[in-house]
Chemist: 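Right, I'll just put the structure down here and ask away after.
Each chain gets a letter, A, B and so on, in the order the sequences are listed, and its residues count up from 1.
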There are 2 protein chains.
Amino acid sequence: MNTLAYGLLSLLSHSSLSGYDLMLRIQPFWPAKHSQIYPLLARLERNGMVSCELVQQSDKPDKKVYSINDKGIAALQEWLTVPASDPVMRDELMLKAFCMSHVDPAVSRELFAARLEHYRNKLERLCQKIKSVRQVDELEEDQMPSYQSPYFGAYIMLNKALMSCRTNIEWCEWVLAVIPVEEASVE
Amino acid sequence: MNTLAYGLLSLLSHSSLSGYDLMLRIQPFWPAKHSQIYPLLARLERNGMVSCELVQQSDKPDKKVYSINDKGIAALQEWLTVPASDPVMRDELMLKAFCMSHVDPAVSRELFAARLEHYRNKLERLCQKIKSVRQVDELEEDQMPSYQSPYFGAYIMLNKALMSCRTNIEWCEWVLAVIPVEEASVE
DNA sequence: TTTATTTATGTATTTTTTTACATATAGAAT
DNA sequence: ATTCTATATGTAAAAAAATACATAAATAAA
C-alpha cells in the first residue's frame with residue numbers, strides 16, 4: 001500500500017470510478033500514468049480493498065468500474081491518522097532560473113512568459129471547475145460545503161489550487177517586470 | 001542528461017561545490033538523495049561537463065570539489081532555450097483531504113495543524129536565507145540583484161518560495177477555520 | 001571513553017515512475 | 001474511405017528515485 005494506492009482509495013471513497021477516470025482525476029494531486037493505475041487497481045482488488053464491475057457502454061468502449069469496500073474505507077481511516085509526508089515539488093523552471101544569467105535576458109523572458117501562460121490557462125480551468133462543484137453541491141453565494149459533504153475535501157483543495165495559481169501568476173508577472181527587456185548594456 | 005544533471009550544472013555554474021553541498025542545495029528545487037548525486041557527478045565528469053579536484057580539510061573529512069567546464073556551460077545555455085516542462089507537485093495531504101469526511105474532524109484538524117507548523121518553520125528559514133543573500137550581494141533596502149549577478153536567479157526563486165509559503169500558511173489557517181472544532185452533531 | 005552528530009563519499013537493491021509497446025471501440029473530421 | 005481523437009485497458013522495458021548497506025574522519029556531548 002503506497003501513497004498512490006491510498007490516493008485511488010481516497011477518490012473511490014466518494015464515488016465508483018473506472019481506472020481511466022481515476023487516472024484523469026488524480027493528476028492534479030499525484031500525477032500518475034495509466035500504466036501505474038491499472039496494475040495497482042488489480043492489486044487492490046486482490047487485497048479486497050476494492051471491487052470491480054464490468055460496465056457495458058454503447059457510445060464508448062466498455063469499462064471496469066471500481067468500488068471501494070469496507071476494508072478499503074478502514075484502510076483510509078487508519079491512513080488519515082498518520083501525519084502526511086512533506087509535499088514534493090519538482091520544477092525545472094527553478095533550476096533554469098538559477099543559471100539564467102548565462103543567457104540573454106530575452107531567452108529568460110521566454111521561459112517565464114510560457115510559464116505565465118500555463119498558469120493563466122490553469123486559473124481559467126480552476127474557476128470553471130469551482131463553479132461546477134458549487135453547482136453540483138447546490139451552494140449559495142459565499143457558502144461552502146459542510147464537513148460531512150463529499151465535496152468538502154474537493155472544495156478546500158480547489159481553493160488551494162486557486163490561491164497557489166494566483167500567487168504563481170503574480171510571481172511570474174513580477175519576474176517578467178524585473179528581467180531587463182533589452183540586452184543589458186555592458187559598461 | 002536528465003533534469004537532475006542539468007540542475008547540478010546549474011548550481012555549479014555559479015560556484016564550485018562538493019557532491020555533499022550540491023545534495024543539500026538542490027533539495028528545495030529538485031529533491032534528490034546522495035545516492036543519486038554521486039554517480040551522476042561521476043558521469044558528468046566522464047562526459048567532460050565538470051572537473052573534479054580533491055580538497056583536503058583538517059576540521060572535516062576531505063571532499064571532492066566539482067567545477068563546471070565550458071562544455072557544461074554550453075549545455076546549460078542550450079538547455080535554457082527549450083521550454084521548461086510543467087512543474088510536478090505530489091502532496092499526500094491533498095489525497096488525505098479528499099477523504100477527510102470519513103473521519104472525525106479532530107483527526108483532520110491534526111493533519112492541517114501539522115502542515116501549518118511545517119510551513120511556519122519553512123517561512124522562518126526562508127526569511128533568514130533571503131536576509132543572508134541580500135547581505136552577501138551587498139544590497140540596500142528594496143534593491144534587488146542585477147540580471148548579471150549570480151544572485152539574480154537565487155533571489156527570484158527565494159521570492160517565489162516566500163510567496164508560496166505565505167499562501168500555503170494562509171490556506172492552512174483558512175482550512176483550520178472551516179473544519180468544525182467539535183464533532184459535528186447529527187440531526 | 002563511549003556515543004551521537006555532522007560531514008563526506010560511495011554501492012546495491014528495491015520501489016516508483018515514465019516511456020514504449022499493444023489492442024480495441026466509437027465518434028468526428030477530412 | 002481514411003485519419004484523427006477520445007475513451008478504454010493492459011504489459012514490457014527503461015529510467016528515476018528512495019531505501020538500505022557500507023565506510024570513515026572530525027567534533028561535540030554524555
Chemist: Measure from the side chain of A:W30, starting at C-beta and using heavy atoms only, and say which of C:dT17, D:dT9, C:dG10 lies closest.
Modeler: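 Output: C:dT17.
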Chemist: Quick check: are there more than 12 heavy atoms from other residues, nucleotides or ligands sitting under 6.0 Å from CD of B:E173?
Modeler: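 Enclosed.
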Chemist: Roughly, in whole Å, what's the span from CG in A:D21 to P in D:dT7?
Modeler: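 Going from A:D21 (CG) to D:dT7 (P), I get 9 Å.
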Chemist: Taking the six-membered ring for Trp and the full ring for Phe, Tyr or His, determine whether the centres of A:F98 and B:H14 are under 6.0 Å apart.
Modeler: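 Between A:F98 and B:H14, the centre distance is under 6.0 Å.
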Chemist: Under 4.0 Å from OP1 or OP2 of C:dT9: is there any side-chain N or O of B:Y20 that close?
Modeler: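 For C:dT9, OP1/OP2 do not have a side-chain N/O of B:Y20 under 4.0 Å.
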Chemist: Hey, which of these two, A:A32 or B:L24, hits DNA chain C nearer its 5' end, going by closest nucleotide?
Modeler: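 It is B:L24 whose nearest nucleotide is closer to the 5' end.
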Chemist: Measure from the side chain of A:P61, starting at C-beta and using heavy atoms only, and say which of C:dT18, C:dT7, C:dT25 lies closest.
Modeler: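 The answer is C:dT25, which lies nearest to the side chain.
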Chemist: Expressed in angstrom and rounded to an integer, what is the separation of B:K63 atom NZ from C:dT6 atom P?
Modeler: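 Computing the B:K63:NZ to C:dT6:P distance gives 18 Å.
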Chemist: Any salt bridge linking A:D91 with A:R115? Criterion: basic side-chain nitrogen under 4.0 Å from a carboxylate oxygen.
Modeler: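 Between A:R115 and A:D91 there is a salt bridge, with a charged N closer than 4.0 Å to a carboxylate O.
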Chemist: Surrounding CG of B:N2 (heavy atoms of other residues, nucleotides or ligands, distance under 6.0 Å), is the total greater than 12?
Modeler: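 Yes, because the 6.0 Å sphere around CG of B:N2 holds more than 12 heavy atoms from other groups.
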Chemist: Specify the separation, in whole Å, of atom CG of B:D62 and atom P of C:dG10.
Modeler: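 For the pair B:D62 CG and C:dG10 P, the rounded distance is 12 Å.
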Chemist: Over how many whole Å does the gap from A:L40 atom CG to C:dT17 atom P extend?
Modeler: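 So the CG-P distance, A:L40 to C:dT17, works out to 10 Å.
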Chemist: Would the base of D:dT19 count as contacting B:S35 through its side chain, where contact means a donor and an acceptor less than 3.5 Å apart?
Modeler: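 Yes.
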Chemist: Toward the 5' end of DNA chain C, which comes first, B:P39 or A:S58, by nearest nucleotide?
Modeler: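 Upstream on the strand: B:P39.
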Chemist: Measure from the side-chain heavy atoms of A:K33 and tell me the nearest of D:dT9, C:dT18, C:dT9.
Modeler: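 Among D:dT9, C:dT18, C:dT9, the one nearest the side chain of A:K33 is C:dT18.
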Chemist: Are there more than 12 heavy atoms of other residues, nucleotides or ligands under 6.0 Å from atom CD of B:E124?
Modeler: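 No.
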Chemist: Expressed as a whole number of angstroms, how long is the span from B:H34:NE2 to C:dT6:P?
Modeler: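 Taking atom P of C:dT6 as the reference, NE2 of B:H34 is at 15 Å.
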Chemist: Are any of B:K64's side-chain N or O atoms less than 4.0 Å away from OP1 or OP2 of C:dG10?
Modeler: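 True: B:K64 side-chain N/O within range (under 4.0 Å) of C:dG10 OP1/OP2.
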Chemist: Just the rounded figure in Å: distance from P of C:dT6 to NZ of B:K60.
Modeler: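 The distance from NZ of B:K60 to P of C:dT6 comes to 13 Å, rounded to the nearest Å.
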Chemist: Could you tell me whether the phosphate oxygens of D:dA25, OP1 or OP2, come under 4.0 Å of any side-chain nitrogen or oxygen in B:Q57?
Modeler: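 So the side-chain polar atoms of B:Q57 never come under 4.0 Å of the phosphate oxygens OP1 or OP2 of D:dA25.
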Chemist: Given atom OH of B:Y6 and atom C1' of D:dA16, what is their separation to the nearest angstrom?
Modeler: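 Distance check: B:Y6 OH to D:dA16 C1' gives 16 Å.
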Chemist: Counting side-chain heavy atoms from C-beta on, which of D:dA17, C:dT9, D:dT19 comes nearest to A:R90?
Modeler: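 Looking only at side-chain atoms, A:R90 lies closest to D:dA17.
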Chemist: Phosphate oxygens OP1/OP2 of C:dT9: is one of them under 4.0 Å from a side-chain N or O of B:Y38?
Modeler: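 Affirmative; the distance criterion is met.
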Chemist: What is the distance from CD of B:Q56 to P of C:dT9, rounded to the nearest Å?
Modeler: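 Distance, rounded to whole Å: 13 Å.
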Chemist: D:dA16, OP1 or OP2 - any side-chain N/O from B:Q36 closer than 4.0 Å?
Modeler: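 No.
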